[in-house]
Engineer: 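Structure incoming, see below.
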Amino acid sequence: MPDRAPEPVDRQLPTDEARDLISLVRDIAQREIAPKAAEEEDAGRFPRELFTLLSESGLLGLPYDAEYGGGDQPYEVYLQVLEELAAARLTVGLGVSVHTLASYALAAFGAKEQQAEYLPAMLGGGLLGAYCLSEPSSGSDAASLRTRAVRDGDDWVITGTKAWITHGGIADFYTVMARTGEEGPRGISAFLVPGGAEGLGAAVPEKKMGMKGSPTAQVHLDGVRVPDARRIGEEGQGFAIALSALDGGRLGIAACAIGLAQAALDEALGYATERRQFGKPIADFQGLRFMLADMATQIEAGRALYLAAARLRDAGRPFAKQAAMAKLHCTDTAMRVTTDAVQVLGGYGYTADFPAERLMREAKVLQIVEGTNQIQRMVIARHLAGPETR
């Protein structure tokens with residue numbers, strides 16, 4: 001392992017409070033997260049106690065209102081927190097992003113009474129959330145989902161299967177999109193389902209290439225009864241809520257991708273400055289210096305892109321196109337940079353003794369989750385050229 005300690009990212013933060021927050025996150029990352037990351041990922045262990053610590057530290061509700069236990073932080077600050085967490089361990093950074101995504105529907109579309117009742121525990125009470133949109137037969141075509149909620153008096157009875165659910169089987173609450181009306185996007189509604197609801201269960205977690213510590217599983221809803229008071233928004237509004245949530249969620253994935261890429265660059269740079277061949281550090285060879293320069297440039301460009309989109313969001317301006325661009329560019333960057341990091345380390349990069357191979361395996365999933373990068377290109381093109389002709 002390289003002994004060279006990486007330099008912290010030089011961040012432009014809007015307030016002293018934000019600078020203190022980043023310092024807190026870096027301290028937690030260095031003391032509590034990074035030292036155990038490789039061992040726990042290899043063992044497939046989810047660090048639930050870390051999420052309890054993050055909740056107690058006020059880090060699970062950063063972009064939401066302080067009135068309900070949130071941190072009242074702008075998205076540009078929240079995303080940089082995610083980047084720091086993901087650089088230490090992607091399972092943690094992505095987990096915080098998914099929890100924030102799962103909390104969004106209630107925070108943005110819930111009634112005041114619902115927010116007052118449920119949000120404090122979700123944002124600062126140690127709970128962990130999951131977001132349930134995808135299904136075995138509806139991934140990219142999310143509007144064709146088949147999970148159905150049927151009205152029964154003051155309750156809804158939900159039946160169906162959700163797929164690829166991060167925190168599936170361990171979450172304390174699930175934001176579930178289910179069909180309550182006609183086929184297509186206008187017949188979908190959103191529900192807040194307790195993790196302990198009768199009839200709710202999860203399959204054995206998927207065996208994945210990377211992120212083995214983060215459980216991803218199918219979630220089965222077998223006649224799960226949920227009161228109408230847990231329906232979020234209006235009937236038929238669920239798909240619009242889901243898409244709105246994903247715009248912000250894509251920025252979370254972009255930030256995590258840049259954190260992962262930064263970790264890979266730090267590893268490669270540390271190795272290159274210490275490893276000697278032909279009588280000098282390999283960082284002195286121009287071919288490798290150019291590779292490191294390209295890696296750093298791609299990371300800085302990605303960081304600037306996701307922050308520009310976040311600032312649009314914070315200003316209340318449209319940002320969906322920029323969110324798709326950020327998700328596309330940052331996750332492709334993570335794949336390129338981690339691949340190059342393995343190359344810099346040579347044979348050592350291909351071994352589990354160094355983190356480069358794990359970072360490379362983890363980077364791949366970021367090009368797939370919360371809308372594949374092919375879907376991001378479709379979203380961007382629609383903003384540029386309008387909908388496809390039929």
Side-chain angles (χ1 to χ4, degrees), residues 1-13 22-23 25-27 29-31 33-39 41-42 80 82-93 209-211 254-307 326 329-367:
M1 293 284 186
D3 294 327
R4 181 182 186 274
E7 292 291 327
V9 175
D10 184 15
R11 301 193 180 279
Q12 297 182 13
L13 296 163
I22 291 293
S23 293
V25 173
R26 283 176 176 164
D27 181 60
Q30 291 168 9
R31 286 189 301 104
I33 302 176
K36 303 174 184 177
E39 178 185 351
E41 284 297 324
D42 187 53
Q80 293 184 81
L82 281 188
E83 185 188 329
E84 293 281 347
L85 293 172
R89 184 178 178 187
L90 184 60
T91 285
V92 178
M209 176 191 298
M211 284 195 68
C256 286
I258 293 302
L260 188 77
Q262 184 68 57
L265 173 60
D266 291 342
E267 178 71 14
L269 190 58
Y271 181 86
T273 54
E274 293 181 11
R275 172 71 168 174
R276 298 181 69 86
Q277 292 287 278
F278 304 101
K280 59 182 178 180
I282 64 173
D284 283 356
F285 293 98
Q286 188 180 71
L288 197 142
R289 294 175 79 87
F290 283 6
M291 184 182 292
L292 294 170
D294 287 345
M295 293 161 73
T297 301
Q298 292 162 12
I299 290 168
E300 287 290 348
R303 185 175 290 123
L305 186 57
Y306 87 63
L307 286 174
H329 176 84
C330 293
T331 58
D332 281 353
T333 289
M335 196 70 247
R336 285 194 299 270
V337 168
T338 55
T339 301
D340 285 347
V342 170
Q343 191 71 20
V344 169
L345 270 70
Y348 291 110
Y350 200 65
T351 71
D353 293 329
F354 290 77
E357 63 86 27
R358 171 171 59 86
L359 299 177
M360 181 180 172
R361 288 186 287 104
E362 291 177 343
K364 184 61 209 176
V365 76
L366 298 176
Q367 295 178 302

Engineer: About how many Å separate CE of Met209 and CD of Glu362, when rounded to the nearest 0.5 Å?
Structural biologist: 11.5 Å
Engineer: Could you check whether atom CZ of Phe285 has more than 12 heavy atoms from other residues, nucleotides or ligands sitting under 6.0 Å from it?
Structural biologist: yes
Engineer: Among Leu260, Asp294, Ile299, find the one that has a side-chain contact (heavy atoms from CB on, under 4.5 Å) with Val337.
Structural biologist: Ile299
Engineer: Return the CZ to NE2 distance between Arg336 and His329, rounded to the nearest 0.5 Å.
Structural biologist: 6.5 Å
Engineer: Using a 4.5 Å cut-off on heavy atoms from C-beta on, say whether the side chain of Pro281 contacts that of Thr273.
Structural biologist: no
Engineer: Restricting to non-hydrogen atoms, name the atom on Cys330 and the atom on Ala254 that form the minimum distance, rounded to 0.1 Å.
Structural biologist: CB-O, 3.5 Å
Engineer: Taking all heavy atoms of Ala264 and all of Ala341, pick out the closest pair and write down the distance.
Structural biologist: O-CB, 3.7 Å
Engineer: Pair Leu345, Glu267 - check side chain to side chain contact (heavy atoms under 4.5 Å, CB included), show working.
Structural biologist: CA-CA 9 Å; Leu345 270 70; Glu267 178 71 14; 4.0 Å; yes
Engineer: Counting C-beta onward and ignoring hydrogens, is there a side-chain heavy-atom pair between Gln343 and Thr339 closer than 4.5 Å?
Structural biologist: no
Engineer: Does the side chain of Val9 reach to within under 4.5 Å of the side chain of Glu83, using non-hydrogen atoms?
Structural biologist: yes
Engineer: Would you please name every residue forming a side chain to side chain contact (heavy atoms under 4.5 Å, CB included) with Arg289, sequence neighbours left out?
Structural biologist: Asp284
Engineer: Quick one: pull up CG in Leu288 and CZ in Arg275 and give me the separation to the nearest 0.5 Å.
Structural biologist: 12.0 Å
Engineer: Ignoring hydrogens, what is the shortest heavy-atom contact between Arg303 and Ile258? Give both atom names and the distance.
Structural biologist: NH2-CG2, 3.8 Å
Engineer: Under a 4.0 Å threshold between the charged nitrogen and the carboxylate oxygen, would Glu39 count as salt-bridged to Lys36?
Structural biologist: no
Engineer: If I take atom CD1 from residue Ile33 and atom CZ from residue Arg26, how far apart are they, to the nearest 0.5 angstrom?
Structural biologist: 13.5 Å
Engineer: Quick one: closest heavy-atom pair of Met360 and Val342, and the distance?
Structural biologist: SD-CG2, 3.7 Å
Engineer: Does some side-chain heavy atom of Arg358 sit less than 4.5 Å from a side-chain heavy atom of Leu90?
Structural biologist: no
Engineer: What closest approach, in Å, do Ala334 and Ala363 show between heavy atoms, and which atom pair accounts for it?
Structural biologist: O-CB, 3.7 Å
Engineer: So how far is it from Thr333 OG1 to Leu366 CG, rounded to the nearest 0.5 Å?
Structural biologist: 11.5 Å
Engineer: Could you measure the distance from the CD atom of Glu300 to the CG atom of Leu305? Nearest 0.5 Å is fine.
Structural biologist: 12.5 Å
Engineer: So, Glu84 and Arg11, do they make that salt bridge, N to O below 4.0 Å?
Structural biologist: yes
Engineer: Applying side chain to side chain contact (heavy atoms under 4.5 Å, CB included), name anything that partners Ala263, two or more places apart in sequence or on another chain.
Structural biologist: Ala87, Leu359
Engineer: Could you go through Asp332 and Gln367, starting from their C-alpha distance and side-chain angles, then the distance that decides it, and tell me whether this counts as side chain to side chain contact (heavy atoms under 4.5 Å, CB included)?
Structural biologist: CA-CA 7 Å; Asp332 281 353; Gln367 295 178 302; 2.7 Å; yes
Engineer: State whether Arg31 and Asp27 are salt-bridged, where the test is any N-O pair (Lys NZ or Arg NE/NH1/NH2 against Asp/Glu carboxylate O) under 4.0 Å.
Structural biologist: yes
Engineer: May I ask you to decide if the ring planes of Tyr348 and Phe354 are parallel, tilted or perpendicular, using 30° and 60° as cut-offs?
Structural biologist: tilted
Engineer: Can you see which heavy atom on Val344 is nearest to which on Ala272, and at what distance?
Structural biologist: CG1-CB, 4.2 Å
